[in-house]
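Everything below concerns the one structure shown next.
In what follows, chains are A, B, ... by sequence order, proteins preceding strands, each numbered from 1. On a predicted model such as this, the values are computed, not experimentally measured, just so you know.
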Amino acid sequence: MADITDEQRARQAQAGDRAALENLLERHQNTVFSMTYRILRDREDALDAAQEAYLRVCRHLGSYNPKRRFKPWIRRVAVRAALDQASKRGKADGRDVDEFPSGEPDPLQAAKGSQVADRVQRALQALSPAQRAAFVCKQIEGMDTKEIARAMGVRRATVRWHLFEAKKRLAGLLGGDA
Amino acid sequence: MSCERIKKLWLRYSSGDLFGKKQRRFEEHLETCSACRARRLAFDRSTEAAGAALSASVELTPAEWRRVRPDPRPTLNRGRRPLAAALAAVACAAAVGVVLYFAPKAPVEQAVTADAGVALKQARPPAESDRYEVRMCTDDPKIKIVWVFDRNLSL
């Protein structure tokens with residue numbers, strides 16, 4: 001069973017093999033959860049979104065094409081579920097973090113210290129879910145703008161805008177005026 | 001070239017979509033503009049710091065996985081099932097229709113007893129003079145409640 005690829009397992013699940021589906025979900029439990037958590041920055045919200053994503057995988061596995069890689073597909077499901085959860089909870093686009101202490105000239109160096117690590121966390125919290133989703137897909141998952149646009153269900157130009165705004169905001173909060 | 005003219009190129013630079021001629025234009029501007037150079041440095045450093053913070057391992061605990069894992073049995077959808085289910089439903093509806101159409105219209109004797117002790121009895125096909133009775137038994141054997149209806153279900 002260990003040598004079976006995700007795509008083969010997905011094909012088995014599509015044919016009605018429940019054990020294959022359970023195995024597939026178990027294998028990708030953290031792929032989904034890490035994505036929803038990084039986008040939502042709240043464990044409970046991320047758990048709800050992950051649960052919804054797992055359900056969507058079960059419901060829509062028939063629409064997955066096993067000739068393509070499974071991981072990008074499940075990642076897309078996770079991104080959509082996280083964004084839906086964010087809009088369901090009515091989270092405001094970005095939070096006010098003007099009260100950030102200033103005076104850190106080099107965030108990369110200072111990020112080693114817990115105080116600045118906390119600033120980085122709060123700066124990430126200041127981004128909107130869409131900006132964070134684009135940023136996470138780009139910086140952590142290494143997706144290109146075309147893939148991100150597909151995952152988020154928006155145009156490429158919108159993804160570029162989210163990435164620009166995210167980086168501008170992070171630079172403003174962490175690295176002086178940007 | 002002014003900062004304003006490379007404004008759109010910042011969007012492409014931020015998303016890693018800056019190549020070829022546009023990239024050269026962007027780099028040339030940065031060589032001559034210290035403000036844009038400082039901005040790029042701030043972008044790159046904050047992006048790296050945020051990326052480092054985000055890349056920390058995130059995992060579900062076994063208890064959380066038990067909580068959120070779906071039961072694939074009732075939810076598994078193999079794609080072709082909706083069409084098969086729709087066809088089966090249409091076939092069933094057609095079969096029921098045919099049976100009802102050709103079924104003899106003979107009188108049916110029927111008795112329905114509900115949990116509350118309600119008994120409803122219909123002996124023959126309804127006639128003008130027919131009356132229906134609903135009897136309800138209570139815990140006290142001396143007390144019985146009886147409703148009598150005519151054919152139009154008037155008390």
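Within a 6.0 Å sphere centred on CZ of Arg43(A), other residues, nucleotides and ligands contribute more than 12 heavy atoms.
Neither the backbone nor the side chain of Asp144(A) has a heavy atom closer than 4.5 Å to any heavy atom of chain B. With a 4.5 angstrom heavy-atom cutoff, Tyr54(A) touches chain B via backbone and side-chain atoms both. Only the backbone of Ala56(B) comes within less than 4.5 Å of a heavy atom of chain A; no side-chain atom from C-beta onward does. With a threshold of 4.5 angstrom between heavy atoms, Tyr64(A) does not approach chain B through any atom at all. The parts of Leu47(A) that come within reach of chain B are both its backbone and its side chain, each placing non-hydrogen atoms under 4.5 angstrom from that chain. Neither the backbone nor the side chain of Glu165(A) comes within less than 4.5 Å of any heavy atom in chain B. At a 4.5 Å heavy-atom cutoff, the contact between Arg67(B) and chain A is made by backbone and side-chain atoms alike.
Of the listed residues (Ser57(B), Ser14(B), Gly16(B), Ala53(B)), the greatest number of heavy-atom pairs within a distance under 4.5 Å of chain A belongs to Ser14(B).
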Step-by-step salt bridge (Lys or Arg N to Asp or Glu O under 4.0 Å) determination, Arg45(B) to Glu48(B): CA-CA 5 Å; Arg45(B) 285 182 168 174; Glu48(B) 207 171 329; over 6 Å; no
Do Glu52(A) and Arg56(A) pass the salt bridge (Lys or Arg N to Asp or Glu O under 4.0 Å) test, and can you show the C-alpha distance, the side-chain angles, and the key distance before you say yes or no? CA-CA 6 Å; Glu52(A) 175 61 24; Arg56(A) 287 183 191 179; 2.9 Å; yes
Assess whether side chain to side chain donor-acceptor pair (under 3.5 Å) is satisfied between Lys167(A) and Gln139(A), documenting all intermediate values. CA-CA 11 Å; Lys167(A) 291 187 178 186; Gln139(A) 299 302 135; 3.2 Å; yes
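Taking the six-membered ring for Trp and thresholds of 30 and 60 degrees, Trp10(B) and Tyr13(B) have ring planes more than 60 degrees apart, a perpendicular arrangement.
For the salt bridge (charged side-chain N to carboxylate O under 4.0 Å, His left out) criterion with Glu27(B), the lone passing option out of Lys21(B), Arg37(B), Arg40(B) is Arg40(B).
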